[in-house]
J.: 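Okay, handing you the structure first.
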Amino acid sequence: MAEQEEAYSEIEHLRIEVKRLREALDTLTPPLEVLLKRRGFRIYKREPRDDLLVPEDRFVGEYYEMLRRYSFRLFLRDVIKHQPSFTTAQVARYATRAVTEAYAAFLVAIGLAVPEDTSYRLARGPVKSFGTTLEWFVAELFKRAFSAEAIWGVKMKRPQVGGDYDLLAKLDGSLLYMEIKSSPPKQIYQREIGAFFDRVRDLMPELALFFVDTELRMKDKIVPLFEEELRGRYASPPAVERMEKELFAIEGAGINLPDLFIINAKDSIEGNIQKVLTCHYRRHR
């Protein structure tokens with residue numbers, strides 16, 4: 001037992017030390033906007049607040065922790081869907097009635113919802129979709145869990161591609177681009193995969209992730225879309241390889257692209273990001 005406790009203590013010490021070293025490295029490497037400028041990109045809009053469902057600063061920590069739960073994110077999607085008001089019965093598809101009532105009470109406690117006679121209504125809005133809030137949350141995850149500089153909802157002008165970049169992050173001096181989908185796989189189409197590849201080729205980050213906030217199988221819809229896109233773009237397309245469970249990797253070196261990964265929310269978003277980062281670093285150590 002003592003040996004196990006000592007091992008846990010050592011692991012925690014190493015975790016803190018890695019975080020400290022990453023923070024030190026972050027101060028010694030160029031900021032994110034400089035990495036973009038060197039690639040010929042200039043941000044003209046970022047982190048829009050109009051469609052963002054986030055409480056005031058004193059509640060942000062609690063809200064962030066709740067958003068780590070897949071069931072809470074599904075609950076928020078239904079809350080947004082039923083605007084301007086909702087009942088717990090309407091938004092209890094993915095959790096028990098008791099859990100749903102606790103989630104509704106939490107929204108009231110942090111000022112995002114107001115109780116009415118037999119229902120609740122959002123305190124702000126209308127909110128068009130959950131997508132903006134999900135981008136904010138994933139950016140917070142990169143900052144808190146990986147000590148990374150991260151920005152979300154980025155718009156950049158380029159002669160050929162341009163468009164929206166859901167999340168950009170700086171990790172140890174490298175640039176990461178992440179496409180974030182709040183829609184279920186059945187609502188994701190070939191043109192969106194094509195746009196992702198266009199942005200990756202234009203931006204040329206060291207690492208690119210395509211993330212779908214679902215626990216459904218990626219092999220059924222998303223992976224075939226990627227395979228079709230690769231076949232349409234390259235005479236000898238690389239394979240989309242399963243890493244484990246619902247995590248997939250594409251070796252980009254042979255087609256002059258960075259490492260590409262497809263991930264979902266199964267088990268945890270943080271854990272899945274950690275696995276692909278580990279894979280990336282081991283490839284290039």
Side-chain angles (χ1 to χ4, degrees), residues 22 25-26 29-43 135 138-139 141-142 145-152 154-156 158-181 188 190-212 218 222-223 225-244 246-264 269-270 272-285:
R22 280 180 172 168
L25 183 61
D26 191 58
T29 54
L32 187 52
E33 290 207 27
V34 172
L35 296 182
L36 295 171
K37 184 178 180 181
R38 288 176 177 176
R39 288 167 165 83
F41 285 80
R42 182 176 60 84
I43 297 172
E135 291 173 13
V138 179
L141 191 153
F142 269 95
F146 299 104
S147 302
E149 181 186 355
I151 55 177
W152 56 272
V154 181
K155 290 184 182 292
M156 296 188 286
R158 289 280 285 177
Q160 295 181 337
V161 180
D164 301 340
Y165 292 78
D166 293 340
L167 182 141
L168 298 170
K170 187 189 80 168
L171 288 164
D172 303 339
S174 296
L175 179 62
L176 176 146
Y177 159 49
M178 187 171 182
E179 183 74 10
I180 298 171
K181 297 296 185 185
I188 297 173
Q190 195 70 52
R191 65 179 180 273
E192 296 170 85
I193 308 302
F196 172 71
F197 272 94
D198 288 344
R199 293 189 190 111
V200 168
R201 180 166 287 283
D202 198 34
L203 181 63
M204 286 307 294
E206 280 74 25
L207 181 60
L209 280 62
F210 190 93
F211 165 63
V212 185
M218 304 294 275
I222 303 302
V223 169
L225 289 177
F226 269 80
E227 291 172 333
E228 183 175 344
E229 191 66 33
L230 288 165
R231 285 193 298 269
R233 287 174 178 260
Y234 305 102
S236 300
V240 182
E241 302 282 358
R242 187 190 295 272
M243 293 171 55
E244 62 172 83
E246 299 307 311
L247 308 183
F248 295 84
I250 303 169
E251 176 57 68
I255 54 174
N256 194 31
L257 284 176
D259 287 344
L260 302 173
F261 296 92
I262 306 167
I263 69 174
N264 73 356
I269 301 174
E270 179 183 338
N272 292 341
I273 291 173
Q274 178 65 72
K275 288 171 184 175
V276 300
L277 291 180
T278 299
C279 178
H280 170 73
Y281 285 130
R282 285 181 175 174
R283 281 181 179 178
H284 301 280
R285 63 184 177 181

J.: Mind checking whether Pro30 and Lys37 have side chains closer than 4.5 Å, heavy atoms only?
T.: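 Not in contact.
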J.: With no hydrogens and no angle check, is any side-chain donor or acceptor of Glu206 less than 3.5 Å from a backbone partner on Pro258?
T.: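 Between the backbone of Pro258 and the side chain of Glu206 there is no qualifying donor-acceptor contact (under 3.5 Å).
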J.: Starting at CE of Met156, measure out to CG of Leu36 and round the result to the nearest 0.5 Å.
T.: 5.0 Å
J.: Would you mind reporting whether Arg39 and Leu203 have side-chain heavy atoms less than 4.5 Å apart?
T.: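 Yes, close enough: below the 4.5 Å cut-off.
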J.: Starting at CZ of Phe41, measure out to CE of Met204 and round the result to the nearest 0.5 Å.
T.: 10.5 Å
J.: State, with a plain yes or no, whether a side-chain heavy atom of Ile263 is found less than 4.5 Å away from one of Met243.
T.: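 Sidechains of Met243 and Ile263: no contact.
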J.: State which residues pass side-chain contact (heavy atoms from CB on, under 4.5 Å) with Arg233; sequence neighbours excluded, sorted by chain then number.
T.: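 Applying side-chain contact (heavy atoms from CB on, under 4.5 Å) to Arg233 gives Phe197, Asp198, Glu229.
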J.: Using the test side chain to side chain donor-acceptor pair (under 3.5 Å), find all partners of Lys275 that sit at least two apart in sequence or belong to another chain.
T.: Glu244
J.: Measuring only between side-chain heavy atoms, which start at C-beta, is Ile262 closer than 4.5 Å to Val212?
T.: no
J.: Can you give me the closest heavy-atom contact between Ala208 and Pro205, atom names plus distance?
T.: CB-CG, 4.4 Å
J.: Of all heavy-atom pairs between Lys170 and Leu35, which one has the smallest distance, and what is that distance?
T.: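 Shortest heavy-atom separation between Lys170 and Leu35 comes out as CG-CD1, 3.5 Å.
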J.: Assess whether atom CZ of Arg42 is packed by more than 12 heavy atoms of other residues, nucleotides or ligands within 6.0 Å.
T.: no
J.: Just checking Phe210 against Phe226, ring centres under 6.0 Å apart?
T.: yes
J.: Quick one, Phe142 with Leu176, criterion side chain to side chain contact (heavy atoms under 4.5 Å, CB included). Give me CA distance, side-chain angles, the key distance, then yes/no.
T.: CA-CA 11 Å; Phe142 269 95; Leu176 176 146; 3.9 Å; yes
J.: Could you report the tightest heavy-atom contact between Phe261 and Arg283, atom names first, then the distance?
T.: CZ-NH1, 4.3 Å
J.: Begin from the C-alpha positions of Leu175 and Leu32 and carry the test side chain to side chain contact (heavy atoms under 4.5 Å, CB included) through to its verdict.
T.: CA-CA 8 Å; Leu175 179 62; Leu32 187 52; 3.4 Å; yes
J.: Kindly give the heavy-atom pair with the smallest separation between Leu225 and Gln190, and that separation in Å.
T.: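 Shortest heavy-atom separation between Leu225 and Gln190 comes out as O-NE2, 2.9 Å.
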J.: What's the spacing between Ile222 CD1 and Ile188 CD1 if we round to 0.5 Å?
T.: 4.0 Å
J.: Can you tell me how far the CD1 atom of Ile180 sits from the CD atom of Glu135, to the nearest 0.5 Å?
T.: 5.5 Å
J.: Please name all residues satisfying ring-ring contact (aromatic ring centres under 6.0 Å, His included) with Tyr177, sequence neighbours left out, ordered by chain then number.
T.: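 Only Tyr165, Phe196 meet the ring-ring contact (aromatic ring centres under 6.0 Å, His included) criterion with Tyr177.
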J.: What closest approach, in Å, do Glu246 and Asn264 show between heavy atoms, and which atom pair accounts for it?
T.: CB-ND2, 3.4 Å
J.: Indicate yes or no: at least one non-hydrogen side-chain atom of Arg199 is less than 4.5 angstrom from one of Glu179.
T.: yes
J.: Are the side chains of Glu241 and Glu251 in touch, meaning some heavy atoms are under 4.5 Å apart?
T.: no
J.: Decide yes or no for Leu277 and Leu207: does some side-chain heavy atom of the first lie under 4.5 Å from some side-chain heavy atom of the second?
T.: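 Result yes, sub-4.5 Å side-chain heavy-atom pair found.
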J.: Find out whether Phe248 and Leu260 are in side-chain contact, i.e. whether some heavy atom of one side chain is under 4.5 Å from a heavy atom of the other.
T.: no
J.: Return the CG to OH distance between Asp172 and Tyr281, rounded to the nearest 0.5 Å.
T.: 4.0 Å
J.: Looking at CD1 of Ile273 and CG of Leu171, how far apart are the two atoms once the value is rounded to the nearest 0.5 Å?
T.: 9.5 Å
J.: Looking only at heavy atoms, what is the nearest atom pair of Leu230 and Pro237, with distance?
T.: O-CB, 3.6 Å
